[in-house]
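Just so you know, these numbers use all the heavy atoms, side chains as well, and skip hydrogens, waters and symmetry mates. Numbered from 1 within each chain, the chains take letters A, B, ... in sequence-line order.
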Protein chains: 2
Amino acid sequence: MAVRKGKVINNIRRIRLARTALTQVELAAMVGATRQTIIAIEGGKYAPSMELAFRIARAFGEPFEDVFEFDPDG
Amino acid sequence: MAVRKGKVINNIRRIRLARTALTQVELAAMVGATRQTIIAIEGGKYAPSMELAFRIARAFGEPFEDVFEFDPDG
DNA sequence: GATTTACGTAAAATATGTTTGACATTGAAA
DNA sequence: TTTCAATGTCAAACATATTTTACGTAAATC
């Protein structure tokens, strides 16, 4: 039984709308990514790179682990 | 002037040796990665994926942001 | 001095994340 | 009812992360 890899969950959409009221385009610009990337990450298509993840948390002014959570059983 | 991307710094080597006294092979096995990956990440060749980063922090029993830090000006 | 353990380098192949560009849908506003 | 902003889908190209395999070195130990 190989090591469990888990899943990273993000609260980007919730925070973007509830706390900051940014559009995807605005957020993308703030963090130096494209709209497609924001869409894909919000939609759970894949997890962002570490660099992008930190930039997003900073753009929100939220602690990293409030934006990104780890589900070890995912 | 494009958005600054910053750099992710990790304290894996320090924690691995000082706190847990694990070898690279042992750590790799614990987190489901290869020795090469641990070497590359410790050596700053690249940042790990989010999933791997969370697994490493958990393997150490350390808070995520104690293991991985963001340098916005890197 | 041969063997073993831990760490390092390097390169090719594969997997995952990011960009670019084009087009579709929905709701709000003119 | 048309226009526009925001969101979504899709696919190809590109960049980065990870694995696999092989070989090199230094220190400890037999």
In whole angstroms, the gap separating P of D/dA11 from NZ of A/Lys45 amounts to 9 Å
Here the distance between atom C1' of C/dG8 and atom CZ of B/Arg16, to the nearest Å, is 12 Å
note: B/Glu26, atom CD; C/dC7, atom C1'; distance rounded to Å ~ 13 Å
N/O (side chain, A/Ser49) to phosphate O (OP1/OP2, C/dT18) under 4.0 Å: yes
At under 4.0 Å between heavy atoms, what does A/Ala40 touch on the DNA or RNA strands: base, sugar-phosphate, or nothing? nothing
Inset, instruction - Could you tell me whether A/Glu42 and A/Arg13 have a side-chain N and a carboxylate O separated by less than 4.0 Å? - result: yes
- Task: Using a cut-off of strictly less than 4.0 Å, decide whether B/Arg13 has a side-chain nitrogen or oxygen near OP1 or OP2 of C/dG8.
- Result: yes
B/Tyr46 has its side chain closest, among C/dG8, D/dA17, C/dG17, to D/dA17
CD1 (B/Ile41) and CD (B/Gln36) are apart, to the nearest 0.5 Å, by 11.5 Å
Secondary structure of DNA chain D per the Watson-Crick/G-U criterion (both distances under 3.5 Å; [ ] crossing, | other strand, . unpaired) is ||||||||||||||||||||||||||||||
Side-chain atoms of A/Thr23 come closest, of D/dT19, C/dC7, D/dA6, to D/dA6
Rounded to whole Å, the CD1-C1' distance (A/Ile56 to C/dT18) equals 12 Å
Output for pair (B/Arg55 CZ, B/Glu51 CD), nearest 0.5 Å, gives 7.0 Å
Taken to the nearest whole Å, CG/A/Leu27 to C1'/D/dT7 is 14 Å
Between CD1 of A/Ile39 and C1' of C/dT25 the distance, given in whole Å, is 13 Å
DNA chain C nearest-nucleotide lookup for B/Glu51 and B/Gln36: closer to the 5′ end is B/Gln36
Whole-Å distance, A/Arg35 CZ to C/dT18 C1', equals 14 Å
Correct closest heavy-atom pair for B/Ala47 and B/Val8 would be CB-CB, 4.3 Å
From the candidates C/dT19, D/dA17, D/dT7, the one with an atom nearest any side-chain atom of A/Thr34 is C/dT19
Original post:
Any donor-acceptor pair under 3.5 Å linking the side chain of B/Arg4 with the backbone of B/Asp73?
Top reply: yes
*Sidechain-backbone polar pair: A/Asp71 side chain, A/Ile9 backbone, donor-acceptor under 3.5 Å*: no
In whole angstroms, the gap separating C1' of C/dT5 from CD1 of B/Ile38 amounts to 18 Å
Nearest-nucleotide check on DNA chain D, A/Lys5 vs A/Leu22; residue mapping nearer the 5' end is A/Leu22
CZ of B/Arg16 to CE of B/Met30, rounded to nearest 0.5 Å, is 12.0 Å
Is the A/Phe54 ring parallel, tilted or perpendicular to the B/Phe70 ring (thresholds 30°, 60°)? parallel
From the candidates D/dT7, C/dG8, D/dT18, the one with an atom nearest any side-chain atom of B/Gln24 is C/dG8
Winner on side-chain proximity to B/Ala33, out of D/dG8, D/dA6, D/dT19, is D/dT19
